[in-house]
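Side chains are part of it too, since the values below use all heavy atoms of this structure and drop only hydrogens, waters and symmetry mates.
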Amino acid sequence: MMMSCSNGQENEDIDLNALCIEPDILIELTEAIPAKVRVVEDGQPFFNGIKTYYEVDAETHLPSLFEINGEKTIRIFPVKKIKSDEGSDVEITGKLISCLTGAHGLVTNDYKGFTLLEE
């Protein structure tokens, strides 16, 4: 599964099969849902160098993910650069992909789970 990603470069392609353990499409968002642009704080995990993410009320807008994870608010990391400023209200569409990876920016030697967005 190849997708475009940004680690400060606009057109860098990454192979999610190389970064993620069994990446899997969770949901395809055919209708836009609201999200807020956020940035991870120091010491928090982030996906493959990407510190900007979408914060989404899963209980309201992604009830099937809320049932699985039990988390009211989830972080969705894009595989492309977010062009909105931190704190901006945006709408997102695309494929939500689960990803278990060691590319989380922490000094621990374990895997973290992420939800990714392919727009």
Side-chain angles (χ1 to χ4, degrees):
M1 187 179 299
M2 292 289 289
M3 294 184 195
S4 179
C5 176
S6 178
N7 277 340
Q9 298 177 5
E10 288 291 325
N11 296 316
E12 182 180 340
D13 286 335
I14 62 168
D15 182 358
L16 288 184
N17 287 318
L19 283 175
C20 304
I21 298 172
E22 298 181 12
D24 188 33
I25 297 173
L26 299 169
I27 298 173
E28 184 151 1
L29 300 174
T30 55
E31 294 185 24
I33 61 169
K36 187 168 284 287
V37 177
R38 300 282 192 202
V39 177
V40 297
E41 295 178 12
D42 288 340
Q44 293 182 333
F46 51 89
F47 176 71
N48 195 39
I50 301 170
K51 293 187 176 185
T52 306
Y53 64 92
Y54 298 112
E55 183 179 77
V56 174
D57 181 335
E59 184 176 24
T60 302
H61 303 291
L62 299 168
S64 60
L65 283 184
F66 175 70
E67 287 179 23
I68 294 168
N69 298 330
E71 295 181 30
K72 178 174 172 36
T73 304
I74 63 169
R75 294 178 176 190
I76 300 174
F77 286 83
V79 294
K80 291 185 179 179
K81 183 177 181 180
I82 295 177
K83 296 179 181 172
S84 300
D85 294 328
E86 180 181 2
S88 297
D89 291 317
V90 297
E91 292 193 335
I92 60 172
T93 59
K95 294 177 186 170
L96 296 185
I97 301 164
S98 67
C99 174
L100 185 63
T101 184
H104 50 63
L106 302 178
V107 294
T108 60
N109 205 14
D110 59 355
Y111 293 98
K112 301 284 183 198
F114 293 93
T115 302
L116 308 179
L117 175 67
E118 176 193 16
E119 297 179 84

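Taking all atoms of both residues into account, the shortest heavy-atom contact from K36 to D89 is NZ-OD1, 2.8 Å. Residues I97 and P23 approach most closely at CG2-CB, 4.0 Å, considering heavy atoms.
Taking the salt bridge (Lys or Arg N to Asp or Glu O under 4.0 Å) definition, one finds that D85 meets it with nothing, sequence neighbours left out.
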Only pairs under 3.5 Å count here: list side-chain donor-acceptor contacts from residues 25-35, not counting sequence neighbours, and write none if there are none.
none

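Taking hydrophobic clusters as Ile, Leu, Val, Met, Phe, Trp and Tyr residues chained together by side-chain heavy-atom distances below 4.5 Å, L116 shares a cluster with V40. Hydrophobic clustering, with ILVMFWY side chains joined whenever heavy atoms are under 4.5 angstrom apart, groups V90 together with I74.
Using a 4.5 Å cut-off on side-chain heavy atoms (C-beta onward), I92 and L117 make contact. Counting only heavy atoms from C-beta outward, the side chains of I50 and V79 never approach each other to under 4.5 Å.
Remark: K51 NZ is loosely packed, at most 12 non-hydrogen atoms of other residues, nucleotides or ligands lying under 6.0 Å away.
The pair K72-E59 counts as a salt bridge, with a side-chain nitrogen and a carboxylate oxygen less than 4.0 angstrom apart. A salt bridge is defined here as a Lys NZ or Arg NE, NH1 or NH2 lying under 4.0 Å from an Asp or Glu carboxylate O, and R38 with E55 meets this definition.
Counting only distance, with no hydrogens or angles, the side chain of Q44 and the backbone of E41 share a donor-acceptor pair below 3.5 Å. When atom types are taken as modelled, the side chain of H104 and the backbone of G113 share no donor-acceptor pair closer than 3.5 angstrom.
Using cut-offs of 30° and 60° on the angle between ring planes, the pair F114 and F77 is perpendicular.
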